[in-house]
Every structure is written in C-alpha cells, then in structure tokens.
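Heads up, the thing below is written out as structure tokens.
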Amino acid sequence: EAQVTQNPRYLITVTGKKLTVTCSQNMNHEYMSWYRQDPGLGLRQIYYSMNVEVTDKGDVPEGYKVSRKEKRNFPLILESPSPNQTSLYFCATREQGPVKTQYFGPGTRLLVL
Amino acid sequence: AQTVTQSQPEMSVQEAETVTLSCTYDTSESNYYLFWYKQPPSRQMILVIRQEAYKQQNATENRFSVNFQKAAKSFSLKISDSQLGDTAMYFCAFMRGMASGSARQLTFGSGTQLTVLP
C-alpha cells in the first residue's frame, strides 16, 4: 500500500528545544516536500527536495532545516523552535516529470510553548 | 508568483443538494494544473479532482465536477448530491506546468469549510 508516514503525529514542546519530524515514503518518489498549514493561510511550502542530496527553500523556510540522505526519508528539523512555529505540518511526495498526484502524509500537529 | 484565492471561508448545504465552491487564481503561465483537495476532520489531505489547463473539457469524478474558465482564471468545484461525508475543508491549488530547471510546488488557497447539513 502506497504510504507517506510522519512521526510524531502530535508534539508539544518548549521554545528552543530542538526537534525532528520524520517523513518516510514507500513509493520511490523523487520529489518530497514539507508544508505548514495555518488558519486562513492554507498550506505553505517550507522546503522541498527533488532527489537525494538536493534540497531547496520553499516559501517559508525560516527556522527550519531539512536533509535528504535517502530517497525514502525527508526529515524536518527545528533547531530552536519558537511559538510562531506552532502549526500543522504535512509531508508530501510525488513522482518527477509530467504532473503526478501529490500524496500527503497524515500531518503532525506541533505546539511550541 | 502565482496566487490562489478562495473567497468563501465557510459554506453549508443540505444533504442531497448541490453546492459550488469558488476559486480564482492569478498567473502569467499558459501551462499549469489545478487541483481541489479535501481535508476532513482527520486532517488528511485527499485529492478530489484535477484539471490540466490545456484541456478544454471540464474534469469530472463521480459527484464532483469543475467549471474551468481559463480566460477568467476561475476554477470552481461543484458537488452534486451532497453527503454528510463531504463535510470538510476544501482547498484549491495551482501548479505550474513543466519548466526546465524549476521545481513545481503546489500553491494553495486559504480553504473553504463546507458543512453538509442533515
């Protein structure tokens, strides 16, 4: 079964405590990305990766890092979380080339106190 | 830069009736794709329907259809025979077509919360 998994699904943390949200896919997709969803703003892209070791900034990259050491994994790293990073985060994947369906993970709800 | 606008933050419809959700977009591209995603209370993002800009025929998926007006840059979603399970947030999204050297991301609207009333 095609899957995009994210962990954790829910996280409460405190300002400044480094955290990582993992994303894993079993569809062998080259393209992976991270979005955050905030009320009234829809989903905004944070970072994306077109393949292993190739990452680039999306629309709202400040305060985030990513890495792509393996094709299936694309973790999102918050080195020093702040309350304005409280949000719902989605990982998404799709194939390269002519437009294919984008598959979303189940979401990670993050609260930074 | 592309923008996507959904001007209806909330809508409601009686079960079994038809409802239309509006979406407009702004782009200078000629080749692009448009999508409607559904987000139920579970927060999962589910693709409802997609439209290629080069196709004149409006896309249809069972009870879901779109009215794609390329000149007006409008992309509305019609849901026929609404069901309680259609209650969700609906997002309109835009993606540029193939362009060398550029990755293509989805640009989302702010969403429309649809409630289907029994």
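Every chain is numbered from 1, with letters handed out A, B, ... down the list of sequences.
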ask   = Which bit of R109(A) is near chain B, if near means a heavy-atom gap under 4.5 Å: side chain, backbone, both or neither?
value = side chain
ask   = Taking G109(B), P9(B), C92(B) one by one, which has the highest count of heavy-atom pairs under 4.5 Å against chain A?
value = G109(B)
key: Structural part of L43(A) lying under 4.5 Å from a heavy atom of chain B   = both
key: chain B contacts, top residue of P39(A), G107(A), P106(A) (heavy-atom pairs, under 4.5 Å)   = P106(A)
task = Using non-hydrogen atoms and a 4.5 Å limit, figure out which bit of Q39(B) sits close to chain A: side chain, backbone, both or neither.
result = side chain
task = Decide yes or no on side chain to side chain contact (heavy atoms under 4.5 Å, CB included) for Y64(A) and R36(A), but give the supporting numbers first.
result = CA-CA 11 Å; Y64(A) 304 94; R36(A) 62 177 287 174; 2.9 Å; yes
key: Check against side chain to side chain contact (heavy atoms under 4.5 Å, CB included), Y35(A) and M45(B)   = CA-CA 12 Å; Y35(A) 293 86; M45(B) 293 290 287; over 6 Å; no
inquiry  = Does either side chain, that of T93(A) or that of Q25(A), offer a donor lying less than 3.5 Å from an acceptor on the other one?
reply    = no
ask   = Any donor-acceptor pair under 3.5 Å linking the side chain of T22(A) with the backbone of N7(A)?
value = yes
query = Do R63(B) and S80(B) have a side chain donor and acceptor closer than 3.5 Å?
reply = no
key: Choice from A92(A), G40(A), G42(A) maximising heavy atom contacts with chain B below 4.5 Å   = G42(A)
